[in-house]
Amino acid sequence: MKAVFRDGEGHLRNGWKGLGFVVTAAILAGILMWVWTLLPAVVKPFVPHSFFGFLGVLLVSLDFLYLEKQPLTLSSLGMSLDRRAGRDFGVGALAGMVLVGFVALLGWVAGGYHLERAANTPVTAIVKAAWLMLGVGLFEEALFHGYLFQRAIRGLGTRWAQVVISLIFCLAHPFNTEMEVPTRVVAMVTTGVAPILITRRAAPERAVARE
């Protein structure tokens, strides 16, 4: 029975570490996002609840690193804030806009819908939505591709870690039950494949953190 929880060296298995991390991060992120609801209405647009969720995940990640006596650095989570990270962020944002625009164009060409110019859409609304989604992206990356991904690499190896985490990432996203089955399948496949494509490029750097 002990072998279920401990490896040959007597250490807690990485799967249990990952499970404990996810549960703890979900609890703290939920508490912090509840705290966000108590903020004044004038403050909320500047600090979306998604950033509170990201803060909760980041704090739990650092706490778990501390318990393992690992360096409390972003590199230990497979993250960085160097020049390359800024360049990758810019390229990723641009590529995302191009891909979304391309998919929208295909839907329009196929006759799935027609396009209309939005009436008096304020620029501030677009900026607020982008700011909110940036927080969502940070939250998801910290939760699925930080500490959890590192422990998956240690336990499963890089390739299987990518597959398993991408599958969990996909299942963690609820899809509208009113969507047609083919549309839902495409959405699930793209949601699952995207993390694999991203982590295949980042995995060599992230794998360094397991040493």
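No experiment lies behind these values; they were computed from the predicted model shown.
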Start with the C-alpha gap between Phe52 and Ile31, add the side-chain angles, then the distance that decides, and say whether side-chain contact (heavy atoms from CB on, under 4.5 Å) holds. CA-CA 9 Å; Phe52 276 65; Ile31 292 174; over 6 Å; no
Who passes ring-ring contact (aromatic ring centres under 6.0 Å, His included) against Trp16, sequence neighbours left out? Phe5
Can you run down the salt bridge (Lys or Arg N to Asp or Glu O under 4.0 Å) pairs that involve residues 51-62, sequence neighbours left out, and say none if there aren't any? none
Could you list the donor-acceptor pairs under 3.5 angstrom formed between side-chain atoms of residues 42-50 and any protein atom two or more places apart in sequence or on another chain?
{"residue": "Lys44", "atom": "NZ", "partner": "Thr37", "partner atom": "O", "Å": "3.2"}
{"residue": "Ser50", "atom": "OG", "partner": "Leu132", "partner atom": "O", "Å": "3.0"}

Nearest heavy-atom contact between Ser76 and Pro71 is OG-O, 2.8 Å
Please round to the nearest 0.5 Å and tell me the distance separating atom CD1 of Ile165 and atom CZ of Phe149. 7.0 Å
How would you list, by chain and number, every residue that makes a side-chain contact (heavy atoms from CB on, under 4.5 Å) with Val164, sequence neighbours excluded? Leu156, Ile168
Could you go through Leu148 and Phe169, starting from their C-alpha distance and side-chain angles, then the distance that decides it, and tell me whether this counts as side-chain contact (heavy atoms from CB on, under 4.5 Å)? CA-CA 11 Å; Leu148 179 63; Phe169 181 80; over 6 Å; no
Report the residues that fulfil side-chain contact (heavy atoms from CB on, under 4.5 Å) with Ala25, sequence neighbours left out, ordered by chain and then residue number. Phe21, Val57, Val60, Leu143
Hydrophobic clusters here meaning ILVMFWY residues chained together by side-chain heavy-atom distances under 4.5 Å, can you tell me if Val136 and Val35 are in one? no
Point-to-point distance, once rounded to the nearest 0.5 Å, from CE of Met133 to CZ of Phe139: 12.0 Å
Rounded to the nearest 0.5 Å, what separates atom CG in Leu77 from atom CD in Gln70? 10.0 Å
So, Thr158 side chain and Ile153 main chain: donor-acceptor pair closer than 3.5 Å or not? no
Report the distance from atom OG1 of Thr24 to atom CG of Leu59, rounding to the nearest 0.5 Å. 12.5 Å
side-chain contact (heavy atoms from CB on, under 4.5 Å) involving Val23 - partner list, sequence neighbours excluded: Leu19, Ile27
Hey, could you give me the CG/CE distance between Leu55 and Met33, rounded to the nearest 0.5 Å? 11.0 Å
Report the hydrophobic cluster partners of Phe102, with the cluster defined as I, L, V, M, F, W, Y residues connected by side-chain heavy atoms closer than 4.5 angstrom, directly or transitively. Leu106
Excluding sequence neighbours, so at least two apart, what forms ring-ring contact (aromatic ring centres under 6.0 Å, His included) with Trp160? none
Just how far is it from atom CZ of Phe64 to atom NZ of Lys17, taken to the nearest 0.5 Å? 10.0 Å
For residues 54-69, the side chain to side chain donor-acceptor pair (under 3.5 Å) pairs (sequence neighbours left out) are Glu68-Tyr147, Glu68-Arg151
For the residue pair Gly53 and Ala29, what are the closest heavy atoms and their distance? O-CB, 3.8 Å
Centroid-centroid under 6.0 Å between Trp131 and Phe51 rings: yes
